[in-house]
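For reference, the structure discussed in these notes is given below.
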Amino acid sequence: MAQDDCIFCRIIQGEMEAEILYQDEKVVAFKDVNPQAPVHILLVPVKHIPSLKDFTGSEFELVADIHEVAVKLAEEQGLASEGFRIVNNCGSKGGQTVNHVHFHLLGGRQLKWPPG
Ligand code: 5GP
Ligand code: ZN
């Protein structure tokens with residue numbers, strides 16, 4: 001179920017604007033409003049699940065679905081040959097600020113390691 005107070009649910013439902021790059025019945029991908037790299041896309045499940053630690057059972061299949069879409073988008077965005085990064089921030093110390101689980105697809109510049 002969508003949550004009224006969740007910005008990503010509102011984007012998925014078309015109530016809030018975002019540049020959507022991919023959408024099916026399970027996964028939505030849209031551009032991050034504050035990009036940290038030339039390509040910065042957020043991938044979310046349509047289902048409102050607060051964070052990765054809240055997945056149970058077959059919900060984990062969504063993690064694979066999201067990665068399949070992420071790789072497709074990385075190819076479309078021309079990142080596949082040079083490389084890219086997929087990140088999930090989980091919980092406050094993991095740096096999560098929006099409580100609808102999401103994976104970041106970042107690329108188009110040399111990314112540093114370790115992250116801050
Ligand atoms: P987190 O810090 O939770 O891993 O990532 C949240 C991400 O959501 C941030 O990169 C932030 O820029 C992005 N974000 C926050 N609000 C919005 C919004 O309203 N629209 C879009 N497209 N991205 C958002
Ligand atoms: Zn949500």
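Everything numeric in this text was worked out from a predicted model, so none of it was measured. First listed ligand is number 1; within each ligand, the first listed atom is number 1. What you see below is based on every heavy atom in this structure, not just the backbone, and it leaves out hydrogens, waters and symmetry mates.
- Less than 4.0 angstrom separates some heavy atom of Leu42 from each of these atoms of ligand 1: 8 (O), 13 (C), 23 (N).
- Here the options are Leu21, Asp32, Leu73, the test is side-chain contact (heavy atoms from CB on, under 4.5 Å), and the partner is Leu105; only Leu73 passes.
- In Gln13, the CD atom is crowded: over 12 heavy atoms of neighbouring residues, nucleotides or ligands sit closer than 6.0 Å.
- Between the Glu15 side chain and the Asp4 main chain, no donor and acceptor come within less than 3.5 Å of each other.
- Considering every non-hydrogen atom in both Leu62 and Pro45, the closest pair reads CD1-CB, 4.0 Å.
- Per-residue contacts place Phe30 under 4.0 angstrom from the following atoms of ligand 1 (heavy atoms of the residue considered): 22 (N).
- Taking every non-hydrogen atom of Asn34 and a distance limit under 4.0 Å, the qualifying atoms of ligand 1 come out as 12 (O).
- Every atom of ligand 1 with a heavy atom of Val98 under 4.0 Å away is listed here by number and element: 3 (O), 6 (C).
- Both the backbone and the side chain of Val33 come within contact range of ligand 1, each with a heavy atom under 4.0 Å.
- No more than 12 heavy atoms of other residues, nucleotides or ligands sit less than 6.0 Å from atom CD of Glu68.
- Under the 4.5 Å side-chain heavy-atom criterion for Ile, Leu, Val, Met, Phe, Trp and Tyr, Val87 and Phe60 are members of distinct hydrophobic clusters.
- With ligand atoms numbered from 1 in the order given, ligand 1 contributes 1 (P), 2 (O), 3 (O), 5 (O), 6 (C) to contacts under 4.0 Å with heavy atoms of Thr97.
- Phe103 and Leu42 are members of different hydrophobic clusters when ILVMFWY side chains are connected at heavy-atom separations under 4.5 Å.
- Of all atoms in ligand 1, numbered sequentially from 1 with element shown, those under 4.0 Å from a heavy atom of Met16 are 19 (O).
- For the residue pair Asp24 and Val27, the shortest heavy atom distance occurs at OD1-N, 2.7 Å.
- The CG atom of Leu43 lies 11.5 Å from the CG atom of Asp65; values are rounded to the nearest 0.5 Å.
- In summary, the atoms of ligand 1 found under 4.0 Å from a heavy atom of Gly95, numbered by their order in the structure, are 1 (P), 2 (O), 4 (O).
- Contacts between Val87 and ligand 1, counted as non-hydrogen atom pairs separated by less than 4.0 Å, are absent for every part of the residue.
- Given atom 22 (N) of ligand 1, the protein heavy atom at minimum distance is Lys31 O, 2.9 Å.
- The part of Ile7 lying near ligand 1 is the side chain, judged by heavy-atom distances below 4.0 Å.
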May I have the step-by-step check of ring-ring contact (aromatic ring centres under 6.0 Å, His included) for His100 and His102, ending in yes or no? CA-CA 6 Å; His100 180 131; His102 51 279; 8.0 Å; no

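- Residue Ile86 is grouped with residue Phe55 when hydrophobic side chains (ILVMFWY) are merged at heavy-atom distances under 4.5 angstrom, including chains of intermediate members.
- At a heavy-atom cutoff of 4.0 Å, ligand 1 is contacted by no atom of Glu19, backbone or side chain.
- Applying the 4.0 Å criterion to heavy atoms of Gln96 picks out, from ligand 1, the atoms 3 (O).
- Cys9 and Ala2 make their closest contact through SG-CA, 3.7 Å (heavy atoms, listed as atom of the first residue, atom of the second, distance).
- For Ile11, no nitrogen or oxygen atom sits less than 3.5 Å from a nitrogen or oxygen atom of ligand 1, counting backbone and side chain alike.
- Pairs of residues two or more places apart, or lying in two chains, never qualify as salt bridge (Lys or Arg N to Asp or Glu O under 4.0 Å) while including a residue from residues 80-89.
- For His40, no nitrogen or oxygen atom sits less than 3.5 Å from a nitrogen or oxygen atom of ligand 1, counting backbone and side chain alike.
- Of the protein's non-hydrogen atoms, Asp32 OD2, 3.3 Å is the one closest to atom 13 (C) of ligand 1.
- Counting heavy atoms under 4.0 Å from ligand 1, residue His102 touches it through the side chain alone.
- Of the heavy atoms in Phe8, only side-chain atoms (C-beta onward) come closer than 4.0 Å to ligand 1.
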Please evaluate residues Leu52 and Gln96 with respect to the criterion side chain to side chain contact (heavy atoms under 4.5 Å, CB included), reporting the C-alpha separation (whole Å), side-chain torsions for both, the decisive distance (0.1 Å), and the verdict. CA-CA 10 Å; Leu52 195 57; Gln96 184 175 3; over 6 Å; no

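- Hydrophobic cluster membership differs between Ile7 and Ile49, with clusters built from Ile, Leu, Val, Met, Phe, Trp and Tyr side chains linked at under 4.5 angstrom.
- With waters left out, the protein N, O or S atoms under 2.8 Å from the Zn ion (ligand 2) add up to 4.
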